[in-house]
J.: 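Below: one structure in structure tokens.
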Amino acid sequence: MKNQEIARALHEISVLLEVEGKDKFKPRAYARAARSIESLGEDVEAVARRGELESIPGIGKAIAKKIEEYLDTGTISHLEKLRKQIPIKVTELESIPGVGPKTIKLLYDNLKITDLESLEEALNAGKLEGLPRLGAKSIAQIAEGISLVRGGMSRTLLAEAMDVASRLVEYLKQSVSITQIDVAGSLRRRRETVGDIDILVNSPSPEQVAAAFVSYPEIGEVIVKGDTKVSIRLKSRLQVDLRLLPAESYGAGLQYFTGSKDHNVRLRALAQQKKLKLNEYGLFRGDTAIAGRHEEDIYDQLGLQFIPPELREDHGEVEAAQADQIPALVELSDIRGDLHSHTDQTDGSNTLEEMIEAAVQLGHEYLCVSDHTKNLTVANGMDESRILKRIDEIDEINNSGRWPIRVLKGAEVDILPNGELDIDDSVLSQLEVVTVSVHTMMRMDRAAMTERVCTALESKYAHILGHPTGRLLLKRPGIDIDLEDVFEVAKKNNVVMEVNSYPQRLDLDAGNIRLALRSGLKIAINTDAHKTFELDNMRYGIFQARRGWATASDVINTRSVKDLLPLLKK
DNA sequence: GCCGTTTTCGGCCCGACTGTTTTCAGTCG
């Protein structure tokens, strides 16, 4: 999808027009259009093909034409012209916290600053001093911002941020009297990575909460401290915002600070249509609050079904809520077993027995042990004879009745570059759950990679496609592959898509889960655990599946073994 | 440049916080 590229291009036009300074509202129109494309629930190219670009909010004739130009040629001549005229590296400068379009204009107009390097030079030469509106503090903030950007300030994995947030919430609860406390923001929406943490508190003594907050042992620095908002940066560099809310507007605050921004824009527009006003203090008719204490009431009063935080991205959830069609999303308690785990037989850390015992502790009805196969030599992958031995071992365990759990015979079979599986069919046929995955030669071009994976899915014994894109969050992008083609072939061959719960993977991502479900596919939410405690990562896969609009019936491992195994028959 | 159960012209989401201001602009979410 080119949505993000196009959004970035439109945003850049917006900033450059701002610097140009001819028109006050044009930049705003481009900024709005950029946001609109960024949060569009489907491929903008598909919308363009249908000739419906102008139906997207904020897109009219002129911008629609520019989007078409980008889709045709890969560039927008208007943007190219602006770049020649005003050679500013917009993305680079905007990555500095506190620097926006106006500051970029100021720096360019006065000092011809165009990028991080020239900004740093000017800063070191003391040239920023004396510029209007830039005092000592602003300059210090820019200096700090440059080193932050240079230091590779990045986002934090959901799992890690949830951990940090729950420790901080515990600390606050222990320290002061608190009536209500919630984590909001992208963390509550369960985005796969988060930029910061938002914590909302209602307390009889807000000053004490703020005081406790800024004396948290893991604090690095205080960024801002007001009556209703306090921001800190932890030693880990992760920023945490604390909002102090009164009880009567707690629900409105929770709604507002959960976002997303685009979801909130939609809700405010909806409120306006109904002659109401929505802000972080409540939903108002004139000066009278008609909702605010409880988040549910906001949605109710707007004529909407309650929308789970995971869906609040303006990806069609508002329309669905209006039509009473918000699905009952899958929950952790729906899960009855795990279909992807490893042992010390290959690259896992625990024995088969230890893994089984841990799964029993989690209350699973079944655990599929799916160690790697021989092509993955770095993981000591199993060949046919080791797999056969493993099959006997598992039969023995299941027959012994030692554990109140069914152990399923499986393997995570490597997809070779030519699309063949690296294990003989005669052995694959004896396994109950065969997950096929790409682990090597990950840089093939799109066509070849798509062909490779599709060929594998056509195998009579491929049940599940493991971590379909192979991406590692904040580390490496996934393989280049046409998932729409893959989904089509998977549908024909009755292959299930995995939602891998490993915090660094979360693969498929939410958008592709939704696409897979729309293609009529089922998903399996698996942990890919290599250690006993990693079996507990299931919740992250659940979050991701919920963000992909999945219900319990979309997920095969919400079923009993008896109902599950027939689903895998080809 | 976009958009309209007030409008095809004349407006453009909303509020907190900070810094540099003597009343407000810029950024952020």
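Quick note on labels: first sequence line is chain A, next is B, and so on, each numbered from 1. Note that the structure is predicted; figures quoted are calculated from it, not measured.
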J.: In whole angstrom, give the distance that lies between atom CZ of A:R312 and atom C1' of B:dG29.
T.: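 Checked: the CZ to C1' distance equals 16 Å.
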
J.: How close or far is atom C1' of B:dC24 from atom NZ of A:K102, stated in whole angstroms?
T.: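 Roughly 13 Å, once rounded to whole Å.
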
J.: Name the one of A:D182, A:T179, A:N202 that satisfies side chain to side chain donor-acceptor pair (under 3.5 Å) with A:Y250?
T.: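 Single side chain to side chain donor-acceptor pair (under 3.5 Å) partner of A:Y250 among A:D182, A:T179, A:N202: A:D182.
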
J.: List every contact pair, protein side and nucleotides 6-8 of chain B side both N or O, where the distance is under 3.5 Å.
T.:
{"from": "B:dT6", "atom 1": "OP1", "to": "A:K275", "atom 2": "NZ", "distance (Å)": "3.2"}

J.: How long is the line joining CG of A:L17 and P of B:dG1, in whole Å?
T.: 8 Å

J.: Partners of A:Y502 by ring-ring contact (aromatic ring centres under 6.0 Å, His included), sequence neighbours excluded?
T.: none

J.: Taking only the P atom of each, what is the distance from B:dC2 to B:dT6 in whole angstrom?
T.: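 Comparing P positions in B:dC2 and B:dT6 gives a spacing of 24 Å.
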
J.: Report the glycosidic orientation of B:dT22: syn if within 90° of 0, anti in every other case.
T.: anti

J.: Please give, in whole Å, the distance from B:dC2 C1' to A:L10 CG?
T.: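 It works out to 13 Å between those atoms.
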
J.: Going by ring centres under 5.5 Å and near-parallel planes (under 30°), is A:F25 stacked on B:dC2?
T.: no

J.: Could you tell me how far apart A:L107 (CG) and B:dT27 (C1') are, to the nearest whole angstrom?
T.: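 Taking CG of A:L107 and C1' of B:dT27, I get 14 Å after rounding.
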
J.: Report the C-alpha separation of A:T469 and A:D507 in whole Å, then their side-chain angles, then the decisive distance to 0.1 Å, and conclude whether the side-chain hydrogen bond (donor to acceptor under 3.5 Å, both in side chains) test is met.
T.: CA-CA 7 Å; A:T469 76; A:D507 181 13; 3.0 Å; yes

J.: Which residues pass the ring-ring contact (aromatic ring centres under 6.0 Å, His included) test with A:F306, not counting sequence neighbours?
T.: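 By the ring-ring contact (aromatic ring centres under 6.0 Å, His included) rule, A:F306 matches A:Y299.
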
J.: Counting only side-chain N and O atoms of A:T103, is one of them less than 4.0 Å from OP1 or OP2 of B:dT27?
T.: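 Affirmative; the distance criterion is met.
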
J.: Going by an N to O cut-off under 4.0 Å, is there a salt bridge joining A:E317 and A:R189?
T.: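 Judged by the 4.0 Å cut-off on N to carboxylate O distance, A:E317 and A:R189 do not form a salt bridge.
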
J.: Roughly how far apart, to the nearest Å, are B:dG4 and B:dT8 at atom P?
T.: 13 Å

J.: Expressed in whole Å, how much space separates the P atoms belonging to B:dC17 and B:dC13?
T.: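 Looking at atom P only, B:dC17 and B:dC13 are 22 Å apart.
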
J.: Less than 4.0 Å between a side-chain N and a carboxylate O, is that true for A:K65 and A:E68?
T.: no

J.: On a whole-Å scale, what distance lies between the C1' atoms belonging to B:dT27 and B:dT21?
T.: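 Rounded to whole Å, the distance is 16 Å.
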
J.: Under the salt bridge (Lys or Arg N to Asp or Glu O under 4.0 Å) rule, collect the residues that match up with A:R167, sequence neighbours excluded.
T.: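 Testing A:R167 for salt bridge (Lys or Arg N to Asp or Glu O under 4.0 Å), a comparison that skips the adjacent residues, returns A:D163, A:E218.
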
J.: Side chains of A:K274 and A:R285: does their closest heavy-atom pair fall under 4.5 Å?
T.: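 The answer is no; the side chains never approach within 4.5 Å.
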
J.: Salt-bridged, A:E319 to A:R266, with N to O below 4.0 Å?
T.: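 Looking at A:R266 together with A:E319, the answer is yes, because their closest N to O distance falls below 4.0 Å.
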
J.: Expressed in angstrom and rounded to an integer, what is the separation of A:I104 atom CD1 from B:dG26 atom P?
T.: 13 Å

J.: For the side chain to side chain donor-acceptor pair (under 3.5 Å) test, which of A:D196, A:D198, A:D241 pairs with A:S231?
T.: A:D241

J.: Could you tell me how far apart A:I67 (CD1) and B:dC2 (P) are, to the nearest whole angstrom?
T.: 9 Å

J.: Which is true for A:P101 with a 4.0 Å heavy-atom rule: it touches a base, it touches only sugar-phosphate, or it touches nothing?
T.: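 Sugar-phosphate: the residue A:P101, judged by heavy atoms under 4.0 Å, touches backbone atoms but no base.
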
J.: What's the separation between atom CG in A:L283 and atom OG1 in A:T288, rounded to the nearest 0.5 Å?
T.: 11.0 Å

J.: For B:dC24 and B:dT20, measure between their C1' atoms and round to the nearest Å.
T.: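 Approximately 9 Å lies between the C1' atom of B:dC24 and that of B:dT20.
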
J.: Taking the six-membered ring of A:Y171 (Phe, Tyr or Trp), confirm whether the NZ or CZ of A:K173 is under 6.0 Å from its centre and within 45° of its axis.
T.: no

J.: Among residues 52-62 of chain A, which residues get a heavy atom nearer than 4.0 Å to DNA chain B?
T.: A:I56, A:P57, A:G58, A:I59, A:G60, A:K61, A:A62

J.: Rounded to the nearest Å, what distance is computed from the CG atom of residue A:D23 to the P atom of nucleotide B:dC12?
T.: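 In whole Å, B:dC12 P and A:D23 CG are 15 Å from each other.
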
J.: Could you encode protein contacts along nucleotides 13-21 of chain B as a string, one character per nucleotide from 5' to 3', using B for base contact, S for sugar-phosphate-only contact and - for no contact, with a heavy-atom cut-off of under 4.0 Å?
T.: BBSSSSSS-

J.: Taking the basic N atoms (NZ, or NE/NH1/NH2) and the acidic carboxylate oxygens, is any pair closer than 4.0 Å for A:E498 and A:R505?
T.: no

J.: Please name the nucleotide paired to B:dT8 by Watson-Crick or G-U wobble geometry with both distances under 3.5 Å, or report none.
T.: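 Base-paired to nothing in any strand shown.
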
J.: Taking the same atom, C1', in B:dC9 and in B:dC14, what whole-Å distance lies between them?
T.: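 Straight-line distance between the two C1' atoms is 25 Å.
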
J.: Taking the C1' atom of each, how far is B:dT7 from B:dC12, in whole Å?
T.: 13 Å

